[in-house]
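No hydrogens, no waters, no symmetry mates; every other heavy atom, side chains included, goes into these values.
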Amino acid sequence: MTVRVGVIGAGMIGQDHIRRLTEVVTRAAVTAVTDIDTDRAAEVAARAGATAQPTGADLIASPDVDAVLVTSWGPTHAEHVLGAIAAGKPVFCEKPLATTAEDCLRIVEAERAHGRRLVQVGFMRRFDAGYRQMKEVLSTGSLGAPLIVHCAHRNPTVPESYHSAMAAQDTAVHEIDVLRWLLDDEIVCAQVVTPRATSKRFAHLKDPQIMVFETAEGVRIDLEVFVNCQYGYDIQCEVVGEDGLVRLPDPAAVGIRTAARHGTGVLQDWKDRFAQAFDTEFREWVAGVAAGTEPTGPSAWDGYAATVITDAAVRSLETGGESVTVDMKPRPAFYGGTA
């Protein structure tokens with residue numbers, strides 16, 4: 001079958017996913033688009049051969065929509081995801097699932113009441129080939145128990161609208177999700193400290209930040225978030241175990257020899273770094289919807305967990321680096337827990 005997807009939010013990421021669904025992913029068709037900017041919605045819908053719907057509720061209710069993609073402004077996510085659950089339609093929500101833990105729990109409870117998983121959250125790193133190779137190695141147990149994880153998340157620059165809390169909420173949240181998945185372990189404590197600030201930042205921004213997390217099994221994670229590093233978009237991850245370590249590979253790139261130097265280029269944009277991961281993410285989601293199976297990607301519970309962990313990190317930043325316990329509810333059996 002062809003999965004008819006309605007897209008709520010026609011901004012940059014929404015348009016990129018519409019391109020992906022129409023040009024890259026098979027068995028998918030974008031049939032409806034809505035956006036708070038009705039002119040933009042009409043323009044984007046026309047390019048995709050879709051109809052422009054006046055509101056998210058209208059789009060979800062449309063008989064021409066089998067599944068919903070939410071790429072709108074973060075504070076609207078909960079409303080649209082809850083609407084899709086109420087309609088019994090699969091919904092893919094770009095992160096965050098919701099901007100508050102309370103709204104995330106509302107989604108979790110609505111999905112549990114529905115009785116089967118409908119929600120997938122857009123943490124694309126679980127679909128990256130390098131991270132998947134790391135997961136395979138860790139799953140074999142050949143490195144022994146994980147002890148330490150070293151990570152870095154670096155952007156060349158960020159706009160003036162980027163503020164200090166976004167280092168956790170928008171940036172580190174990707175490491176938070178993928179490390180929970182890699183380690184099959186829960187983060188229970190967060191601390192954020194700020195070293196000497198780069199002169200390349202806007203004055204209101206604390207950059208870089210060093211985040212330290214502890215898991216339930218005692219693994220220590222250190223994460224450097226440096227969003228004005230200048231040289232490129234650079235993602236690093238290394239898991240140290242009792243008997244060895246595994247490191248995330250850098251993206252494949254040709255070696256260049258010129259002017260007495262030998263080097264490789266550094267990517268400048270997250271869309272380029274994770275383009276294949278985005279493609280795989282949507283191929284697998286659409287295939288699951290077409291087959292009528294529950295999504296296997298990040299769940300509503302994962303969206304909730306990421307929110308409460310980033311909340312703890314922000315509290316640590318605001319208190320000058322105090323260690324903050326993550327206030328997470330017990331994981332329900334519906335999501336693979338025991339509660």
* Anything under 30° is parallel, anything over 60° is perpendicular, the rest tilted; go ahead and classify Phe282 against Trp285. =>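 Plane angle over 60°, so perpendicular.
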
Using a strict 4.0 Å threshold on nitrogen-to-oxygen distance, state whether [X] and [Y] make a salt bridge.
X: Arg126; Y: Asp302; result: yes
X: Arg125; Y: Glu175; result: yes
X: Asp128; Y: Arg273; result: yes
X: Glu23; Y: Arg47; result: no

Side-chain H-bond candidate by donor/acceptor type, [X] with [Y], under 3.5 Å:
X: Tyr335; Y: Arg117; answer: no
X: Tyr131; Y: Glu136; answer: no
X: Ser299; Y: Tyr304; answer: no

* Asked: Can you list the steps and then say if Asp35 with Val44 is a side-chain contact (heavy atoms from CB on, under 4.5 Å)?
  -> CA-CA 10 Å; Asp35 191 89; Val44 172; over 6 Å; no

* Asked: Going through the distances and angles, do Tyr233 and His153 end up as a ring pair (Phe, Tyr, Trp, His ring centres under 6.0 Å)?
  -> CA-CA 8 Å; Tyr233 183 77; His153 188 145; 5.7 Å; yes

* Validation row: Arg27, Met1 side chains within 4.5 angstrom (heavy atoms) ->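 Result no, sub-4.5 Å side-chain heavy-atom pair not found.
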
* **Pairwise side-chain contact, Val227 with Tyr162, heavy-atom cut-off 4.5 Å (strictly under)** => yes

* To do: Could you tell me whether Gln276 atom CD has more than 12 heavy atoms of other residues or ligands within 6.0 Å of it?
  =>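 No, CD of Gln276 has 12 or fewer neighbouring heavy atoms, counting only those of other groups under 6.0 Å.
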
* Given the rule in the side chain to side chain donor-acceptor pair (under 3.5 Å) test, do Glu160 and His204 qualify, once you have shown the distances and angles that lead to the verdict? -> CA-CA 9 Å; Glu160 191 169 4; His204 66 271; 5.1 Å; no

* Check: Gln236 side chain, Cys151 main-chain N or O, donor-acceptor pair, under 3.5 Å ->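 Absent.
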
* Aromatic contact, Phe278 with His17 (centres under 6.0 Å) ->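 For Phe278 and His17, the ring centres are under 6.0 Å apart.
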
